[in-house]
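Notes for the one structure printed next.
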Amino acid sequence: MIRKFVSISLLAVVPWLTQCREAREFPAYDNTAEREAFYQRYNRDVREKLDQRKQELEQAIAADPSDADSQRDLGDLERRLQRPDYFEELSEADLPEGLQWEDGMDQPELGSEQAKKGGTLHTYIQGNAFPPTIRVVGKEANNSFRAFHWDDVEMALVTLHPNTGEIIPGLADRWAVAEDGQTVYYHIDDDARWSDGKEVTSADFLMTYYVALSPYLTEPYYRIYYGDQFWGIATYGKDYVCIRNAFPKPMAAYFAAATPYQEEFYRQFGPDFEERYNWRPRPTTGAYQIRKEDILKGRSISLSRVQDWWAKDRKYYKNRFNVDRIEYRLVRDEEKIFQMFLRGDIDIYWLNDAKRWYEQTEVDPVFKGYIERVTFYNDYPRPSRGLYFNLARPPLDNLDVRMGLSHATNWDKVINLDLRGDAERLNLLNEGFGEISPKDVKAREFSVAKALDAFARAGYSKRGKDGILRNDRGERLSFPITYVKHPAIDPMMLRLKEEAKKAGVEFKLEGLDATAAFQKTSRKEHEIAFAGWAITPPFPDYFQQFHSKEAFLEDGKTPRPMTNNLSSFADKEVDKILEENRNARSLETVIRTSHELERIFHDRAVWVPAYQRPFYRVGYWRWLRWPEDFNVKIANEPEVSHVFWIDSEIKQETLEAMRSGRSFGEVNRVYDQYRIFQQPEAIEPEVEPVAPEPAVAPENSDDDMQEEGGGDE
């Protein structure tokens with residue numbers, strides 16, 4: 001998603017301001033009684049909706065006995081009415097008999113037996129902007145830093161093995177899927193503990209659902225998702241929890257697996273949650289926690305390894321999460337970060353920028369092997385990186401304008417020049433999901449002639465003296481592109497701007513720091529946004545990006561803020577396919593609906609796909625060590641799996657070698673064991689016709705000679 005700041009004179013006052021803010025006392029609050037009332041009220045509301053829906057389905061079937069969809073839905077509804085309550089608190093004696101328990105212990109171990117514990121990893125905050133919060137839900141919680149302290153660290157009931165894709169234990173040491181294919185029972189590991197020493201119990205999972213369904217969260221996503229995708233949650237004493245998916249699903253145990261919110265910590269969850277908890281460190285079930293002293297606002301956030309972590313000797317975790325501390329420093333200038341890396345102040349640096357890889361790492365620390373370089377081919381769904389149009393902003397609501405912009409955007413030239421051929425054109429919103437991703441949908445090529453034709457159909461056929469097309473009302477074909485300002489991205493945006501002008505389009509570049517860009521696009525105040533979505537395996541999720549629920553407020557006109565539907569796309573007919581895709585009962589349905597949706601969004605030109613890389617590149621100081629195969633297969637970042645470690649002896653050896661000038665020899669490794677080789681298609685070369693100038697003479701108006709729009713950086 002999306003992810004910079006100020007003068008040295010301000011730095012002196014930041015600690016004082018921080019202390020003033022932190023000194024604020026919030027009034028005492030205990031939501032225990034409120035929660036119990038919420039559970040009862042929510043159960044009552046669910047029953048009423050189910051009864052009403054039953055009447056509607058019975059009426060529909062009475063009117064048309066051949067209505068197979070209504071008959072199926074009624075069958076599902078009658079099954080749910082056998083157990084209508086969303087929240088249930090039962091005893092262990094109420095557990096069904098005959099459950100077939102699994103433990104997932106037949107998968108290979110992860111990490112390396114050679115891994116050593118200890119040391120501090122010095123790294124930096126991606127995007128060069130301090131996160132607006134360390135909350136994991138609520139306003140601005142879905143920021144780029146959240147993955148580092150939540151998604152990559154916190155434990156759910158089960159997870160996926162990052163090499164095989166099979167389900168393995170997390171907080172649950174065994175689980176059972178009922179015969180209906182949607183109800184899943186979990187036994188919480190007897191040893192599972194929070195970082196504050198408290199036992200993980202089923203009540204912590206009830207708290208997860210309470211928070212998610214609460215009106216106190218600004219964004220509606222969680223209320224919609226948890227309300228639509230689950231039939232409910234039940235506790236069976238403190239050691240067992242049951243979660244019911246709304247539909248039978250492939251890999252039901254994975255999709256039902258929840259991440260707990262500690263009951264004690266969230267007991268003060270209420271109307272002021274987002275402010276009260278904004279910088280409050282939470283207990284964790286994972287290997288790392290943020291402590292109060294780890295937060296130096298505007299400077300750094302660190303993760304400290306949990307002492308005596310409960311899972312430290314478990315099969316899939318014992319060789320991971322090895323370093324004692326990870327320090328994420330805020331450095332607001334990317335070039336300074338790189339220079340700090342070359343000096344050894346930062347241990348690891350992504351080298352996906354072609355200029356950094358080919359030119360700027362031709363330095364002594366690399367030649368002598370103090371810094372090692374790696375190219376790692378992974379097997380992970382590619383981020384849906386591209387230009388997203390806000391259809392709520394005219395003239396982007398015009399299909400011909402969007403088609404023209406698709407042909408006026410020269411990503412191939414960006415790939416060949418700025419990325420030096422080290423990337424491929426992206427074609428799909430969800431590419432890299434095997435047979436789920438269609439092979440016949442291709443991104444539109446750059447073509448001035450095709451762009452001009454499309455713009456002419458939309459009424460833009462007159463060029464001003466500045467070369468930009470206009471319509472009969474004198475409106476220029478000009479659009480700001482909001483993006484995260486970064487040395488690797490700036491040249492790409494400039495390239496797109498230069499090329500688009502050939503087709504009569506002005507791109508005004510609005511490079512913002514990560515937090516500002518994230519906030520603007522979240523509020524749907526952009527026209528075009530350069531963004532990318534990292535999609536988690538095993539299946540794509542189109543719903544949150546394109547469903548009508550995520551597009552507009554109740555008036556149907558105002559874009560709904562704080563959702564992932566950046567396009568403000570809304571179509572009731574497409575909603576049906578989105579719902580079928582999310583609620584798919586079989587892999588076949590996932591494949592069919594995914595293919596349909598990719599074709600629809602291609603035909604509607606809701607975005608312009610950018611590029612993808614089948615690998616990532618990284619440089620690191622040689623005291624940072626990795627397993628023999630370097631990293632796991634299913635990971636989109638070098639650090640995400642936490643299989644690395646720091647070798648203090650090698651660090652001492654390296655520092656002594658630097659003082660004496662000793663060389664270890666240059667190291668540039670390629671790991672391609674997971675590389676996916678694609679058979680190139682035989683494509684006839686297409687000769688691009690030279691587009692004639694429009695027959696209509698340019699307008700002669702005073703504003704023809706105006707300067708290009710601001711915002712270019």
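Just the heavy atoms: all of them, side chains too, but no hydrogens, waters or symmetry mates, feed the values below.
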Among Tyr124, Phe148, Phe130, find the one that has a ring-ring contact (aromatic ring centres under 6.0 Å, His included) with Tyr328. Phe148
Find out whether Arg444 and His602 are in side-chain contact, i.e. whether some heavy atom of one side chain is under 4.5 Å from a heavy atom of the other. yes
Do the side chains of Lys413 and Thr409 get nearer than 4.5 Å, heavy atoms only? no
Do the side chains of Trp607 and Leu426 get nearer than 4.5 Å, heavy atoms only? yes
So which heavy atom on Asp418 is nearest to which on Pro491, and how close? OD1-CB, 3.8 Å
Would you kindly say whether Asn583 and Glu579 are connected by a side-chain donor-acceptor distance under 3.5 Å? no
May I ask you to decide whether Arg599 forms a salt bridge with Asp440, counting only side-chain N to carboxylate O separations under 4.0 Å? yes
For the backbone of Thr218 and the side chain of Glu274, can you confirm whether one donor and one acceptor N or O come within less than 3.5 Å of each other? yes
Calculate, to the nearest 0.5 Å, the distance between atoms OG1 and CG belonging to Thr521 and Asn390 respectively. 10.0 Å
Find out whether Phe507 and Ile481 are in side-chain contact, i.e. whether some heavy atom of one side chain is under 4.5 Å from a heavy atom of the other. yes
With distance as the sole test, does Asn378 use its side chain to make a donor-acceptor pair with the main-chain N or O of Ala635 at under 3.5 Å? yes
For the backbone of Tyr674 and the side chain of Asp379, can you confirm whether one donor and one acceptor N or O come within less than 3.5 Å of each other? no
Check this for me, if you would: do Arg560 and Glu554 make a salt bridge, where the nitrogen-to-carboxylate-oxygen distance has to be below 4.0 angstrom? yes
With rounding to the nearest 0.5 Å, note down the distance linking CG in Asp571 to NZ in Lys576. 10.0 Å
Check this for me: does any side-chain nitrogen of one of Glu335 and Arg356 sit under 4.0 Å from a carboxylate oxygen of the other? yes
Roughly how far apart are Leu160 CG and Tyr254 OH, rounded to 0.5 Å? 4.5 Å
Sequence neighbours excluded, which residues qualify as side-chain hydrogen bond (donor to acceptor under 3.5 Å, both in side chains) partners of Tyr222? Arg146
When rounded to the nearest 0.5 angstrom, what is the spacing between CD in Glu499 and CZ in Phe446? 5.0 Å
Here the pair of heavy atoms bringing Arg420 nearest to Ala354 is CG-CB, 3.7 Å
Please report the interatomic distance OG(Ser447) to NZ(Lys502), rounded to the nearest 0.5 Å. 12.0 Å
Min side-chain heavy-atom separation Gln229-Lys249 under 4.5 Å: yes
Looking at Arg592 and Glu588, does any basic side-chain N land under 4.0 Å from a carboxylate oxygen? no
Ring-plane angle category for Phe341 and Tyr349, please: parallel below 30°, perpendicular beyond 60°, tilted otherwise. parallel
Regarding Ser437 and Asn430, is there a side-chain donor-to-acceptor distance under 3.5 Å anywhere? no
Less than 4.5 Å apart, any side-chain heavy atom of His149 and any of Ile301? no
Only one of Glu334, Arg332, Lys336, Lys485 passes side-chain hydrogen bond (donor to acceptor under 3.5 Å, both in side chains) with Asn128; say which it is. Glu334
Look only at the side chain of Ser568 and the backbone of Leu391, and say whether a donor-acceptor pair between them is shorter than 3.5 Å. no
Mind telling me whether Tyr221 and Tyr225 have parallel, tilted or perpendicular rings, with 30° and 60° as the class edges? parallel
Under 6.0 Å from the six-membered ring centre of Phe543 and within 45° of its axis: does the NZ or CZ of Arg582 meet both? yes
Lys450 with Glu445: basic N within carboxylate O range, under 4.0 Å: yes
Assess, by modelled atom type and distance only, whether the side chains of Asn631 and Ser641 contain a donor and an acceptor separated by less than 3.5 Å. yes
Are Asp575 and Lys572 close enough that some pair of their side-chain heavy atoms sits under 4.5 Å apart? yes
Over-ring placement of Arg675 relative to Phe615, 6.0 Å and 45° cut-offs: no
Can you see which heavy atom on Leu405 is nearest to which on Val608, and at what distance? O-CG2, 4.4 Å
Is a side-chain donor or acceptor of Gln612 paired with a backbone partner of Arg382 at a separation under 3.5 angstrom? no
Treating Arg135 as the side-chain partner and Lys139 as the backbone partner, does any N or O pair qualify as donor plus acceptor under 3.5 Å? yes
Check: Glu525 main-chain N/O paired with Arg393 side-chain donor or acceptor under 3.5 Å: yes
In short, ring-ring contact (aromatic ring centres under 6.0 Å, His included) pairs touching residues 459-480 with sequence neighbours left out are none
Any salt bridge linking Glu498 with Lys501? Criterion: basic side-chain nitrogen under 4.0 Å from a carboxylate oxygen. no
Name the residue from Thr375, Asn352, Thr361 that meets the side-chain hydrogen bond (donor to acceptor under 3.5 Å, both in side chains) definition with Arg617. Thr375
Give a yes or no on whether Arg329 atom CZ has more than 12 heavy-atom contacts from other residues, nucleotides or ligands under 6.0 Å away. no
I'd like to know if the side chain of Gln545 pairs up with that of Glu550 as donor and acceptor (distance under 3.5 Å, no hydrogens or angles considered). no
Quick one: does Glu140's side chain have a donor or acceptor within less than 3.5 Å of a partner on Gln519's backbone? no
Just checking, is any N or O donor in the side chain of Tyr358 or Asp422 under 3.5 Å from an acceptor N or O on the other one? yes
Within 6.0 angstrom of Lys520 NZ, more than 12 heavy atoms from elsewhere: yes
Verify whether one side chain among Lys524 and Thr563 offers a donor that lies under 3.5 Å from an acceptor in the other. yes
Would you say Arg463 and Leu452 make side-chain contact, with heavy atoms under 4.5 Å? yes
May I have all residue pairs that pass ring-ring contact (aromatic ring centres under 6.0 Å, His included) and include part of residues 551-592, sequence neighbours excluded? Phe546-Phe569, Phe569-Phe601
